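Here the structure is laid out as structure tokens; the discussion comes afterwards.
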2 protein chains.
Amino acid sequence: MSITNPKQALYEQFAMVAKAMGNAQRLEVIEHLAQGSRSVEALAAKMKLPTANVSQHLQAMRRAGIVTSERDGRFINYRVSDESVLAAFAAVRLVAERQSAEVARVVHEWFHRRDEMEPISRVELAKRMKKGLVTIIDVRPPDEFQLGHLPGAINVPISEIKSRLSLFAAGRDIIAYCRGPWCVMSFEAVAQLRSKGLSARRLEDGLPEWKAAGLPVESGL
Amino acid sequence: MSITNPKQALYEQFAMVAKAMGNAQRLEVIEHLAQGSRSVEALAAKMKLPTANVSQHLQAMRRAGIVTSERDGRFINYRVSDESVLAAFAAVRLVAERQSAEVARVVHEWFHRRDEMEPISRVELAKRMKKGLVTIIDVRPPDEFQLGHLPGAINVPISEIKSRLSLFAAGRDIIAYCRGPWCVMSFEAVAQLRSKGLSARRLEDGLPEWKAAGLPVESGL
DNA sequence: AAATCATTCAACGTAATTATTGAATGTATC
DNA sequence: GATACATTCAATAATTACGTTGAATGATTT
């Protein structure tokens, strides 16, 4: 374990990063932080976990250098320290997606035949937004919406989608998005909308990927 | 731990991949396998580890879907199951490189001031190869060389470089490469060559990256 | 069929990881 | 300064990971 040769030392460092990502809870934290910086408490509330638990996961990730923290009043806000972290997350996700039949199975079983929910690409959506042909709904909770969302998107939290189904016009295409490509909420939103005969599709990715692609983002109210 | 909701299940799958990469020995195995398929014994010999140990690491990675195996006679050859695995490895490495001062420090200390060894890029090398301006040396062991190397490269294993220093012409640029960007051998080769007043540089990456970029590879003798 | 050889398995001890609990720390507010 | 509150620390217990050893498996060769 002692650092005797440089090769070993480097591999240890790389392994530390991978190990920090090798936990389901921590990956979920990373996905939340991909939306922007969050306090420990805010993360704990989102994930319905004890604060101390989340705090420890955050510290583990800080030791590996994949998140950083900054005090703001009595809160401590964490953020991913670099886009390379999100790239690594995406790369790991891709491996799982390609290699594991288990992932494909889970997606299939829970998301009601994914092929019927062909996602729309960022590029295609950007084009259609210019022509004003689409209604974009952001199905994330209001606090996340306020911190940043797609231009012109309306916020319909997944919890309220049933009660607001009547508001959507039948003739327009509706595009739903949320946190990322594996975020459950947009799948559910599309399923709900389609069950009412509306034309709905998911955005292929979520807000982080949209921002990362350099496309415009609105924030505030 | 039981798979109750799909989100959790997916994160568990992603975490499994990251966890499989979260070990220094396994990362080294991946780097070896990036060169091509290898038997358990061959890997164990390279890494100077017990066969059973390497076997167990390989099985752990197979469970995560990042390597696959195939029997050939009495050997079992393992290989990385997909390029996405190498991409994930590279992404993890980049995170470590960007975030960890420790990595920068180790590289600095052990590789004798890296800035004096400015690496040459793949693109630049490809250009200069066309003009015939460079001598390319592959400092990996002969067995790896035989399985595939850069066109026109000559094999000078790092162990023999001292005894073959007199063979190099003073007027020509020498480019050394080995397994990948963090492979120690090419750093050492450049240091040796420079100590004799020769003009030597490292290729920025190694053979796997060269292949991945679609550039030509020679094999056999 | 016996021998050989690569790989895997089983069992063991040690170490690391994880979640949980309650106390401690440090900052802002009254 | 006292209080409230977000975060971290410390201690515990349960689980999993890691490396080592020697035996078992499975395919090839003699």
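Because the structure is predicted, anything quoted here is derived from the model rather than measured. Side chains are part of it too, since the values below use all heavy atoms of this structure and drop only hydrogens, waters and symmetry mates. In what follows, every chain begins at residue 1, and chains take the letters A, B, ... in the order their sequences are listed.
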Atom pair CZ (B:Arg201) and OG (B:Ser186), whose distance is rounded to the nearest 0.5 Å: 13.0 Å
Could you write out each protein N or O paired with an N or O of nucleotides 17-19 of chain D at a distance under 3.5 Å?
from, atom 1, to, atom 2, distance (Å)
D:dC18, OP1, B:Asn23, ND2, 3.3
D:dC18, OP1, B:Arg26, NH2, 3.4
D:dC18, OP2, B:Arg26, NH1, 3.1
D:dG19, OP2, B:His57, NE2, 2.5

Does D:dT8 have OP1 or OP2 under 4.0 Å away from a side-chain N or O of A:Ser55? yes
Mind checking the CD1-CG spacing from B:Ile120 to B:Leu125? Nearest 0.5 Å is all I need. 5.0 Å
Separation of C:dA6 atom C1' from B:Leu49 atom CG, nearest Å, is 17 Å
When the side chains of residues 75-87 of chain B are checked against the rest of the protein, which donor-acceptor pairs come out under 3.5 Å, sequence neighbours left out?
from, atom 1, to, atom 2, distance (Å)
B:Asn77, OD1, B:Ser39, N, 3.4
B:Tyr78, OH, B:Arg62, NH1, 3.4
B:Arg79, NH2, B:Glu70, OE1, 3.3
B:Ser81, OG, A:Gln99, OE1, 3.4
B:Ser81, OG, B:Gly65, O, 2.8
B:Ser81, OG, B:Ile66, O, 3.1
B:Asp82, OD1, A:Arg98, NH1, 2.8
B:Asp82, OD1, B:Ser84, N, 2.7
B:Asp82, OD1, B:Ser84, OG, 3.0
B:Asp82, OD2, A:Arg98, NH1, 3.4
B:Asp82, OD2, A:Gln99, NE2, 3.2
B:Glu83, OE1, A:Arg98, NH1, 3.3

At less than 4.0 Å, is any side-chain N or O atom of B:Tyr78 found next to OP1 or OP2 of C:dT8? Yes or no. yes
A:Leu27 CG to C:dT18 P, straight-line distance once rounded to whole Å: 11 Å
Under the side chain to side chain contact (heavy atoms under 4.5 Å, CB included) rule, collect the residues that match up with A:Asp143, sequence neighbours excluded. A:Lys46, A:Pro141
According to the interplanar angle, ranging from 0 to 90°, do the rings of B:Tyr11 and B:Phe14 count as parallel (below 30°), tilted (30 to 60°) or perpendicular (above 60°)? perpendicular
A:Phe75 CZ to C:dT29 C1', in whole Å, measures 13 Å
Here the distance between atom P of C:dT8 and atom CD of B:Glu41, to the nearest Å, is 12 Å
Distance (rounded to the nearest 0.5 Å) between A:Leu27 CG and B:Glu12 CD: 9.5 Å
For B:Ala45, enumerate each residue passing the side chain to side chain contact (heavy atoms under 4.5 Å, CB included) test, keeping only those at least two apart in sequence or located in another chain. none
Atom pairs, N/O to N/O, protein against nucleotides 22-28 of chain C, distance under 3.5 Å?
none

Going by the side chain to side chain donor-acceptor pair (under 3.5 Å) test, which pairs reach into residues 14-27 of chain B, not counting sequence neighbours? B:Arg26-B:His57
Just how far, in rounded Å, is C1' of D:dC9 from CZ of A:Arg63? 12 Å
Write down the distance between CD (B:Gln59) and P (D:dT25), rounded to a whole number of angstrom. 15 Å
Could you check how far CZ of A:Arg38 sits from P of D:dA6, rounded to whole Å? 17 Å
Once rounded to the nearest 0.5 Å, what's the spacing between atom CD1 of A:Ile136 and atom CD1 of A:Ile154? 9.5 Å
Provide, to the nearest angstrom, the distance between the CG atom belonging to B:Asn77 and the P atom belonging to C:dA6. 13 Å
